[in-house]
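Presented below is the structure to which this report refers.
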Amino acid sequence: MNSTLYKAWLQYAPIEDRELAAAYSRQLGTIVVDQQQSRVANAAVQELKHACQSMLGIVPNITSEALNSSHLEVRIHVGAAAAAEGAAEGITEAMDRGRADTQLDPEGFTLVHSGQGQQEKLVLIGGSGKGILYGVFHLLRLLASHQPLTGLKVADQPVNRLRMINQWDNVDGTVERGYSGQSIFYENGRFTDNLERVRDYARLLASVGMNAISINNVNVHEIETRFITAEYLPTVAKVADIFREYGITLYLSINFAAPLHIGGVSTSDPLNEEVRQWWKDAADEIYDHIPDFGGFLVKADSEHRPGPFAYGRDHADGANMLAEALEPHGGLVIWRCFVYNCMQDWRDRSTDRARAAYDHFTPLDGRFKDNVLLQIKNGPMDFQVREPVSPLFGSMKETNQVLEFQVAQEYTGQQRHVCYLVPQWKEVLDFDTYADGAGSEVKKITNGSLHGMKYSGIAAVSNIGNDENWTGHTLAQANLYGFGRLIWNPELSSEGIAEEWTRLTFGNDESVVKTVCRMLMQSWPIYESYTSPLGVGWMITPHTHYGPDVDGYEYSRWGTYHFADRDGMGVDRTMATGTGYTAQYFEPNAALYDSLEDCPDELLLFFHHVPYSHMLKSGKTVIQHIYDTHFEGAEAAAGLLDAWTSLEGKVDPERFAQVAQRLADQAEHAKHWRDVINTYFYRKSGVPDDSGRIIY
Ligand code: GCU
């Protein structure tokens, strides 16, 4: 496929500005590649070649001879001080940013321009083939956004070590919480034969610096349980091979009960010797096929998935058993903390789902092996439009941690509504946990610096499928792009990332850039305003999680309630009268959330049950806030369509029409949300709207 939809942010559109194109062609017309390049570096050079053809209409001459004329030099520099290689200044800048030492990080690179005329030279040095790859994509971003290379001096390296994407793909071809068609990996109970699209996915991921992928759903069904056996490993190895070429390590989600289900063992008890041996043998077999296999992603004792609880063991017992099997091979166990009672009785007011992960895992701190990482969702519930940051961050000082985001828009409009999530993720990363006093932000936990973790990082559930544009909604591509860029460097701004993505995706027409960036930046607040007031969450259709259903989850077993009655609404999670969840935070966060006066408006109903007449910091009552935000939100959603419509003729017709259609649907659907929510609360409370607007 070669459409603008398909190419996402790797458009490599021809550069029309002749002067600029001539300068780029001179600078990149010859590429001197040092002879001992790795496979990854080769893939990088091929990408560069392809992009030059597409953007500049030239085929760069690739050579290993030293040259005296203008050229790009590509070199890997392992170990010794890269300063000696003429990149001294760049390296110093990187050191100032806090993570480099005198030698290049294996995933880092420097890109320095020098000289002029015949002496002009661009030197790209990577700490390994991966560094070259990331350097090339950096260079291509500059080209695609028409920035001059003269005087360039860049040194960069990722801030987070593990930068992972989780596919929730099933072998039958479906994608759990997938809103972009079917799986690109599987169809009809088997791996797809044509892996070209997987290769393009690897390119997309590598272009934003991702270095790990798990390729099957965390809910591991029957056939997928066998992925770790000789029956499937040769095929898994082929997929691993594609990703390896782009610096991406392959992981598999495993079924904790595999020994029992497919191993001929009568139990999956993690302390049973036969079980332990079974996993060791399984690991040996995997590494025979895939020598650099990343490890296992595990959902255990969660939403009916098997786990150690069945045998009276805990999560440390379970994770450590797997870790022991992978350890000789250098593999990791990524153990998810999404553990809660999904059979709760709604009449039981003492159980609070928000408390569950912390209550389960903090007592186990210090017991996990070195190669275990706990993967923690950003919030205590489940990827809601708005929820507080999980109190687990910072609470387990002796345990490796990975933060889990959801790029897939399960609760945020399912890629039918536009919802640019980078600002939400940034709030999470910037959140100060106070675990070690002020300055203990989540981003210092994911980068491992706060508690000196051996492994750490950030993962996310992917939003792609086999739709031509990958993500259903073309604007949802910005979330995948933005996830990669943000976890590469959490200091990047949401606006900056939006602008990068827009330029790479739609070109450099300033009115397009401005309009699309504004739309993206407005989109999360708009979506929040008509769906999810004041942090309450869950007023959504059960199971499908699309569209409003205020009481859909209210009398169910999932532990997700708003407790609205005629007088008020919200969940009391305070220490004195509620579930005590607020106490899971470090001070001063615990006191902040616990206090009705101090609790931020946007999370008020997450932490407190209040009367509709409660006055917010904004000066509005809770009920008036609900009415106002829903009226305004629906209007703003229509405004998104107007903004996009103004770009007709400036965006290619295919993508223009695709996005316009989705925005029209969103505008319509936002009205439905507005009316269902407003009517519900009007009927409950009997309080009329101050502005006398129509409430049905
Ligand atoms: C949510 C989602 C499920 C998913 C689960 C998980 O509950 O709706 O489809 O399996 O999260 O993260 O494991």
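Atoms within each ligand, like the ligands themselves, are counted from 1 in listed order.
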Would you say E231 has more than 12 foreign heavy atoms packed within less than 6.0 Å of its CD? yes
Do D348 and T351 have side-chain atoms, one donor and one acceptor, less than 3.5 Å apart? yes
Checking side-chain polar atoms at under 3.5 Å, does H562 have a donor or acceptor matched by the opposite partner on D551? yes
Measure from the ring center of [X] to the ring center of [Y] and say whether it is less than 6.0 Å.
X    : Y    : result
W279 : F296 : yes
F256 : H261 : no
W524 : Y420 : no

Pull out every atom of ligand 1 sitting under 4.0 Å from any heavy atom of [X], numbered as shown with elements.
X    : answer
K299 : 4 (C), 5 (C), 6 (C), 10 (O), 13 (O)
R177 : 2 (C), 3 (C), 8 (O), 9 (O)
D382 : 1 (C), 7 (O), 11 (O)
N219 : 10 (O)
F338 : 5 (C), 6 (C), 7 (O), 11 (O), 12 (O), 13 (O)

Output yes when a side-chain donor or acceptor of E387 lies under 3.5 Å from a complementary backbone atom of A354, and no otherwise. no
Nearest neighbour in protein (non-hydrogen) for atom 11 (O) of ligand 1: K377 NZ, 3.1 Å
Using a 3.5 Å cut-off on N or O atoms only, is Y411 in polar contact with ligand 1? no
Any Q406 heavy atom less than 4.0 Å from ligand 1: no
Using heavy atoms and a 4.0 Å limit, tell me yes or no: is F383 in contact with ligand 1? no
Which is closest to atom 2 (C) of ligand 1 in terms of heavy atoms, E176, M381, E404, E410? E410
